[in-house]
Undergrad: 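One structure follows; several queries about it will come next.
In what follows, chains carry the letters A, B, and so on, assigned in the order in which the sequence lines appear, proteins first and then strands, with residues in each chain numbered from 1.
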There are 2 protein chains.
Amino acid sequence: MPPDWASSDELLLSLDPGQGRRAGLEGAIRDAIRDGRLGEGDPLPSTRALARDLGLARGTVAEAYAQLAAEGYLRSRPGAATRIASAAGAAPRRPTAERTGPAPERPRLSLRVGEPDVGAFPRREWARSLRHAVTTAADDALRLGDPRGSAPLRHALAGHVARTRGALVDPERVVVCAGFAHALAIVCASTRRAGATAIALEDPGVRQHRSIAGHGGLRVAPLPVDDAGAVVGELPDAQLAVVTPAHQFPLGATLSPARRHALLARARERDALLVEDDYDGEFRYDRHPVGALQGLAPDRVVYAGTASKTLAPALRLAWLVLPPALLEPALAAKADLGASPSTLDQLALADLLRRGAYERHLRRMRQRYKRRRDLLLRALAAAAPDLPIRGIAAGLHLTVELPDHDAELDLLQRARERSLELDGLTPFWHDPRRARAGLVLNYATPPEHAYAQAVAAVEAVLSGSSRPGA
Amino acid sequence: MPPDWASSDELLLSLDPGQGRRAGLEGAIRDAIRDGRLGEGDPLPSTRALARDLGLARGTVAEAYAQLAAEGYLRSRPGAATRIASAAGAAPRRPTAERTGPAPERPRLSLRVGEPDVGAFPRREWARSLRHAVTTAADDALRLGDPRGSAPLRHALAGHVARTRGALVDPERVVVCAGFAHALAIVCASTRRAGATAIALEDPGVRQHRSIAGHGGLRVAPLPVDDAGAVVGELPDAQLAVVTPAHQFPLGATLSPARRHALLARARERDALLVEDDYDGEFRYDRHPVGALQGLAPDRVVYAGTASKTLAPALRLAWLVLPPALLEPALAAKADLGASPSTLDQLALADLLRRGAYERHLRRMRQRYKRRRDLLLRALAAAAPDLPIRGIAAGLHLTVELPDHDAELDLLQRARERSLELDGLTPFWHDPRRARAGLVLNYATPPEHAYAQAVAAVEAVLSGSSRPGA
């Protein structure tokens, strides 16, 4: 790197004092292109701006640009910025890399867990809410705002969560997060500061949550799950437990009323905190929606909701409703973890909720997912009528029980051969000795146009696997 | 909470089986309003939707709505959703809270640090880029994406940072973060895993960074700063050091070429990593922009840039350029910290960069801030010609040296009396024994229309404080 920079603010070009001004500028731009500091398509400043910044006559800059265009380094069109051309003499940008990396190859069909149908993302409504937020937000909303999140969103979420999930929500204790993983990291860090040393996580459950809790300094203790949800009698000794009462992930059970009460009683006895991961609570297909656990004990339960399943994971928006005692520690932890979602995105979600567009989208998606679930159930009944199926009352996925791990591996392999990507149940267990074999089928993943094909592929893969122990 | 829910998916209403259907629905909605689960302005589902969900005749629901509207609980307009009215019988939403909390009172005038002129945020351009992102992004972009951040943004940033800051940037090693605080938390967590135990932070510096590093498990060691920037000879023994070479925060010095080389040599000797916090590197007013330290030693220096000063802090967008060895540990740490910025925001920033709108905005703001700086310097020269002024070559703030801490407190008090909020220099020191007195004046903070008034207030406050030791 040359020791002296004599350059525009935006273009660190080293002008060689031994050359004339125009030649020096030309040489500097050529060098920048050759060594990759300027790459194909990069815009150059206007001649007026560069001339002012470098203290040159504007004509000098214009002549240098014209010369370099003639040499094939630059291309210019009237009314548009002069840009770097793909000149023969230009080196690839250093270090060599595609300007737009190829999208990673996705399998043709997938029912893997973790995503809604992103093809149904309400782009028009979201664009409208974003525009509303950007054009109407007060200037103050562009500053670093309330550490809990934007007030209009906290109020809109409080209403929504109370209405749809029966939770007790004070908007002053809503904390907006950049996804559930961020929310979990905040809860772990804040309880750790208050002296927590261990966290109970459902087994089976989400592998990433173990990593987040471990990074947060907590020992992870598995909380066994059976076909009625978390086994309260085996709740390990921990100051914190994360549960999925509405639709256990991944087994799909709804925590029974008796177990809900037992869980709360046990948590009270031990002075433990419960985190209710309500990741797909908005999607319930039977006539008996199950209110949030939080509504029974708002001082004992942290409620966590997310837009990842209702809108799209890429938005990175989630929310916590905290017991009063946890608010200040959680905000301190959030500050030290450093992240927050964009205030404009928060205002957009508030607008989507306020206009009723969020609930309209939920209603549409609930119908779509119910239809998809029913198609999948029909295919499973045809292909493998004897395999037990669980978790169908809610959410975006169901599980198919398999006789053993060999059957699971065999089916996953047969699926791959049909370009169908599925999740086996086994990897979701903390403790491999406890692991039960199965498939987790997320019927939300395929785009609408490919859904029938995906179901047909599942049916074909499962045909002949119908007898447990076969 | 009633034990049985017989309700719509979106409206957890408890229908009393002892009542008739219509009366039961009316009672359930009334109860929900009375106990605050439904609040003023909340929309109800359409009669068609609620009827289907509850298994009632649509006419029954319509009659219930009409009855409640007649009672003042609901209001309906043709073509719009039926909403909860502010009925006399309705309790305030439980727990009591303002639906839209009042904005915290801001002082009439402020030159406090940390913000650009948010009144100049390019709303039209940002809205255009957001719309472009939302309408043109591939469906794949709505899933959980590349843990480094969106590829188009990483490539656009690589070009921008290389061009404007002379850094050496491989887009494959750019990691997009939710603000610099998040970026710092990621770097701390990843170096901590690799065995780091201590971090050197400039003294004076940003208090929040000490908290983030401490939370990340690192011991914070102060790195003294003098009027030529970080004092390399006093670099404490630490595996990691954060520096602000372009414009020391808050003192404003530019790290001299000799010190840059000494710092790199010292870091190499100790196998320490440097983090270049380039928080306002895009704003330079003299003819000698200073390239990024990272350009001299890309394997030793983590470059950190942010949109907080160039666009708005509320966007929560920042970027790291990592040495190869730190990429994988940083992505593991980022996953465990849980947060990521919205992919759509990332695509919007990529579009803003690609269109040249980001650099046009920078150019406009650079002119505005230079004009503001010059006005402030004129006022300071008039009011207090003997007080040393530092850090004027770049960034959004300058510092005024004061003879002692009493003078600082006195001036802050006099400013407050004029509704003018300023930052004293003293609180930025880790070590109060080393603290020097002064004012940090951020000339970017006031909105454009109030700037002259803010400068006049500074001039009035400082008049009569011109003699050191007076």
Undergrad: Please name the residue in the list B/Arg355, B/Arg163, B/Arg360, B/Arg354 that meets the side-chain contact (heavy atoms from CB on, under 4.5 Å) test with A/Pro43.
TA: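 The passing option is B/Arg163.
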Undergrad: Does any heavy atom of chain A fall under 4.5 Å from the side chain of B/Ala318, the backbone, both, or neither of them?
TA: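 Neither part.
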Undergrad: At a 4.5 Å cut-off on heavy atoms, which part of B/Ala127 comes close to chain A: side chain, backbone, both, or neither?
TA: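 For B/Ala127, the contact with chain A is made by backbone and side chain together.
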Undergrad: So which residue, A/Gly356, A/Gly338, A/Gly214, ends up with the most heavy-atom pairs under 4.5 Å with chain B?
TA: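 Most heavy-atom pairs within the cutoff with chain B belong to A/Gly338.
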Undergrad: Rounded to the nearest 0.5 Å, how far apart are CZ of A/Arg123 and CG of B/Leu344?
TA: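 Taking CZ in A/Arg123 and CG in B/Leu344, the distance rounds to 8.0 Å.
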Undergrad: Identify which part of B/Arg128 has an atom lying under 4.5 Å from any heavy atom of chain A, answering side chain, backbone, both or neither.
TA: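 Answer is neither: B/Arg128 stays 4.5 Å or more from chain A.
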Undergrad: Nearest 0.5 angstrom please: B/Leu130 CG to A/Ser129 OG, how far?
TA: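 Answer for the CG-OG pair, B/Leu130 versus A/Ser129, is 12.0 Å.
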Undergrad: Contact part of A/Ala138 toward chain B, heavy-atom cut-off under 4.5 Å: side chain, backbone, both or neither?
TA: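 Looking at A/Ala138, just its backbone touches chain B.
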Undergrad: I'd like to verify something: which residue of A/Ala178, A/Gly145, A/Pro313, A/Ala81 has the highest number of heavy-atom pairs under 4.5 Å with chain B?
TA: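 Most heavy-atom pairs under 4.5 Å with chain B: A/Pro313.
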Undergrad: Who among B/Gly114, B/Ala189, B/Ala137 has the most heavy-atom pairs with chain A under 4.5 Å?
TA: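 Maximum pair count with chain A is reached by B/Ala137.
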Undergrad: Identify which part of B/Ala183 has an atom lying under 4.5 Å from any heavy atom of chain A, answering side chain, backbone, both or neither.
TA: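 No part of B/Ala183 comes within 4.5 Å of chain A.
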Undergrad: Which pair of non-hydrogen atoms, one from A/Ala314 and one from B/Ala141, has the smallest distance, and what is that distance?
TA: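 Taking A/Ala314 first and B/Ala141 second, the nearest heavy atoms are CB-O, 3.3 Å.
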Undergrad: Roughly how far apart are A/Leu142 CG and B/Glu115 CD, rounded to 0.5 Å?
TA: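 Spacing of CG (A/Leu142) from CD (B/Glu115) equals 9.5 Å.
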Undergrad: Is any side-chain heavy atom of B/Arg316 closer than 4.5 Å to one of A/Leu144?
TA: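 When only atoms from C-beta onward are counted, B/Arg316 and A/Leu144 do touch, with a gap below 4.5 Å.
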Undergrad: With rounding to the nearest 0.5 Å, note down the distance linking CZ in B/Arg143 to OG1 in A/Thr445.
TA: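 So the CZ of B/Arg143 and the OG1 of A/Thr445 are separated by 7.5 Å.
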Undergrad: Taking every heavy-atom pair that is under 4.5 Å apart, which of A/Asp345, A/Thr135, A/Leu184 has the most such pairs with chain B?
TA: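 When all of A/Asp345, A/Thr135, A/Leu184 are compared, A/Asp345 has the most.
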Undergrad: Find the distance between OG (B/Ser342) and CG (A/Leu315) and round it off to the nearest 0.5 Å.
TA: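 So the OG of B/Ser342 and the CG of A/Leu315 are separated by 5.5 Å.
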Undergrad: Could you have a look at A/Ser211, A/Gly216, A/Cys177, A/Gly179 and say which one has the most heavy-atom pairs with chain B under 4.5 angstrom?
TA: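 Maximum pair count with chain B is reached by A/Ser211.
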Undergrad: Does some side-chain heavy atom of B/Leu337 sit less than 4.5 Å from a side-chain heavy atom of A/His215?
TA: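 Yes, at least one pair of side-chain atoms sits under 4.5 Å.
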